[in-house]
> 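The structure is given below, and queries will be raised subsequently.
Just so you know, residue 1 is the first one in the sequence shown, and it goes up from there.
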Amino acid sequence: MPSRLLPFEKLNNVRDLGGMPAQDGRKIRDGKLIRSGHLADLTDSDRGILSELIGDVVDFRSRKERNRQPDLEIPGVKYHHIPVVDDLTAGITREEEADKTAVAMLLLRPVEAREYMCRMYTDFVISDYCVSEYKKFLQVLRQPHEKAVLWHCTAGKDRAGIGAVLIEEILGVPREEIIEDYLLTNVHLAEDIRFLSEMIKRKEGTDSPLADESLKYLFGADEEYILSFYREVEKEYGSMGTFLRDRLGITEEDRAAMQELYLI
């Protein structure tokens, strides 16, 4: 069972991990772990629902992204700013200035666009900065929370997607379920990706099919991205368990405690 899309008026990629199969035949608890895109465009109804649902928000975006589109304040919610990337790169941040540079380089080069994104996912493993920020995120999740923890980047795809992968691995979600759920982003962001692609093609003055393919790679989810992440983990550390322990500080005791918190 994949993560469950939560209905909101202005948010289209908010997903509760509750119900996903996990360790020892258990499942992730509903209403505890939620991933999403940014929270800058909330209606009053959306804010009211989130106020009831969540107690903590983890914002993975850079300072520039947050300044451009600050999250709207939600009553009673504690905010944690944990910027996962220090360099602004298209396909990860969707930050306007960085997107212009990458699009100019890659718009008509889909093979290079896909390779570029794969490198972003290997950076999540080998970059000391990225790893240190995800370690902070997992420290937040190690604490008991009365309500849900919601984490997000801009689109809820790359940085938020890897955040979901890490906690799902800790909780013992089968690898095939993790990958399938990661790819669901393409379904939930299909309209957003279409809009972005058309806007960029108009701006760049092209209607080339190569541009469509490149932009699909830059703004969509691709199985090769998540496989690049896993391959890099196994190449550098031998296993996900070793990566979690040696790089992210999650011991077997931590895993057991987190499973008690988040599984039923």
> Checking Tyr134 side chain against Arg159 main chain: does a donor-acceptor pair fall under 3.5 Å?
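Yes; at least one donor-acceptor contact below 3.5 Å.
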> Check whether Lys201 reaches the backbone of Asp212 with its side chain - one donor and one acceptor, N or O, closer than 3.5 Å.
no
> So, Glu168 and Arg15, do they make that salt bridge, N to O below 4.0 Å?
no
> Between Tyr121 and Tyr182, what is the ring plane arrangement, given parallel below 30°, perpendicular above 60°, and tilted in between?
perpendicular
> Determine yes or no for a side-chain-to-main-chain donor-acceptor pair under 3.5 angstrom, with Asp16 supplying the side chain and Arg4 the backbone.
no
> Any carboxylate oxygen within less than 4.0 angstrom of a Lys/Arg side-chain nitrogen, looking at Asp128 and Arg247?
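So Asp128 pairs with Arg247 through a salt bridge.
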> Set out, in order, the CA-CA distance, both residues' side-chain angles and the distance that settles side chain to side chain contact (heavy atoms under 4.5 Å, CB included) for Arg114 and Glu213, then state yes or no.
CA-CA 9 Å; Arg114 196 183 196 206; Glu213 198 173 353; over 6 Å; no
> Applying side-chain hydrogen bond (donor to acceptor under 3.5 Å, both in side chains) between Asp56 and each of His145, Lys147, Gln143, report the one that passes.
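The option that passes is His145.
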> Among side-chain atoms of Glu169 and Tyr230, is any donor-acceptor pair under 3.5 angstrom?
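Yes, Tyr230 and Glu169 have a side-chain donor paired with an acceptor closer than 3.5 Å.
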> Specify the closest pair of heavy atoms between Leu11 and Asp41, including all atoms of both residues, with the distance to one decimal.
CD2-O, 4.3 Å
> Please find the pair of heavy atoms, one from Leu166 and one from Phe243, that lie closest to each other, and give the distance.
CD2-CE2, 4.1 Å
> Name the residue from Asp30, Ile167, Ile34 that meets the side-chain contact (heavy atoms from CB on, under 4.5 Å) definition with Leu17.
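Considering Asp30, Ile167, Ile34, a side-chain contact (heavy atoms from CB on, under 4.5 Å) with Leu17 is found only for Ile167.
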> Taking all heavy atoms of Ile54 and all of Val77, pick out the closest pair and write down the distance.
O-CG2, 3.6 Å
> As an exercise, state the distance from CG of Leu39 to CD of Gln69, rounded to the nearest 0.5 Å.
11.0 Å
> Assess whether a salt bridge exists between Lys235 and Glu232, defined as any Lys/Arg side-chain N lying under 4.0 Å from an Asp/Glu carboxylate O.
yes
> Roughly how far, to the nearest 0.5 Å, is the NZ atom of Lys27 from the CE atom of Met20?
12.5 Å
> Of the non-hydrogen atoms in Gly220 and Lys157, which two are nearest, and what is the gap between them?
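It is O-NZ, 2.8 Å.
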> Does any non-hydrogen side-chain atom of Arg63 lie less than 4.5 Å from one of Pro83?
no
> With the side chain counted from C-beta on, respond yes when Asn12 and Leu5 share a heavy-atom pair under 4.5 Å apart, and no when they do not.
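Not in contact.
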> Distance-only, no hydrogens or angles: does the Trp151 side chain make a donor-acceptor pair with backbone N or O of Val58 under 3.5 Å?
no
> Are Leu150 and Leu53 close enough that some pair of their side-chain heavy atoms sits under 4.5 Å apart?
no
> Ignoring hydrogens and angles, state whether a donor on the side chain of Thr251 or Glu253 is under 3.5 Å from an acceptor on the partner side chain.
yes
> Roughly how far, to the nearest 0.5 Å, is the CG atom of Asp71 from the OH atom of Tyr79?
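These two atoms lie 6.0 Å from each other.
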> Less than 4.5 Å apart, any side-chain heavy atom of Lys64 and any of Asn67?
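Not in contact.
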> May I ask you to check whether over 12 heavy atoms, not counting those of Glu176, lie within 6.0 Å of atom CD?
yes
> Ignoring hydrogens and geometry, is there a side-chain-to-backbone donor-acceptor pair from Arg29 to Leu261 under 3.5 Å?
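Flag set: sc Arg29 to bb Leu261 pair under 3.5 Å.
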> Taking Val187 as the starting point, is it possible to reach Tyr225 by hopping between hydrophobic residues whose side chains are less than 4.5 Å apart?
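Unlinked, Tyr225 and Val187 end up in two clusters.
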> What are the two closest non-hydrogen atoms of Lys32 and Glu146, and how far apart are they?
NZ-O, 3.1 Å
> Quick one: does Arg255's side chain get under 4.5 Å of Gln23's, heavy atoms only?
no
> Hey, are the side chains of Leu171 and Leu263 touching, using non-hydrogen atoms and a 4.5 Å cut-off?
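A side-chain contact exists here, since the closest heavy-atom pair is under 4.5 Å.
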> Can you give me the closest heavy-atom contact between Asp254 and Gly249, atom names plus distance?
OD2-O, 3.2 Å
> Is it the case that atom CZ in Phe195 sees more than 12 heavy atoms from other parts of the structure closer than 6.0 Å?
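Count not over threshold, so no.
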> Test your reading of the model: is there a side-chain donor-acceptor pair from Asp24 to the backbone of Arg26, 3.5 Å cut-off?
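Side chain of Asp24 to backbone of Arg26: no pair is present.
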> Please evaluate residues His81 and Arg66 with respect to the criterion side chain to side chain donor-acceptor pair (under 3.5 Å), reporting the C-alpha separation (whole Å), side-chain torsions for both, the decisive distance (0.1 Å), and the verdict.
CA-CA 9 Å; His81 181 216; Arg66 294 174 81 229; 3.2 Å; yes
> Just checking Phe137 against Phe60, ring centres under 6.0 Å apart?
yes
> For Arg231, is there an ion pair with Glu234 - N to carboxylate O distance below 4.0 angstrom?
no
> Do any N or O atoms from the side chain of Ser214 and from the backbone of Leu106 form a donor-acceptor pair under 3.5 angstrom?
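Yes; judged by distance alone, with no hydrogens or angles, the pair exists.
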> Quick check: do Val125 and Thr122 have side-chain heavy atoms less than 4.5 Å from each other?
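Val125 vs Thr122: side chains apart.
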> Which distance, rounded to the nearest 0.5 Å, do you find between the CZ of Arg194 and the CD of Glu198?
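If I round to the nearest 0.5 Å, the distance is 9.0 Å.
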> Does Glu9 reach the main-chain N or O of Leu42 with its side chain, forming a donor-acceptor pair under 3.5 Å?
no
> Can you check whether Val131's main-chain N or O pairs, donor with acceptor, with Lys136's side chain at less than 3.5 Å?
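Not at all, since once roles are kept as given, no pair shorter than 3.5 Å links the two residues.
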> Donor-acceptor pair, Glu65 side chain versus Ser62 backbone, under 3.5 Å?
yes
> If you count heavy atoms of other groups shown closer than 6.0 angstrom to CG of Asp44, is the number above 12?
no
> Does Glu73, at its CD atom, have more than 12 non-hydrogen atoms belonging to other residues, nucleotides or ligands within less than 6.0 Å?
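No - once you tally the heavy atoms of other residues, nucleotides and ligands closer than 6.0 Å, there are 12 at most.
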> Considering only heavy atoms from C-beta outward, does the side chain of Ser197 approach that of Lys216 to under 4.5 Å?
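Sidechains of Lys216 and Ser197: no contact.
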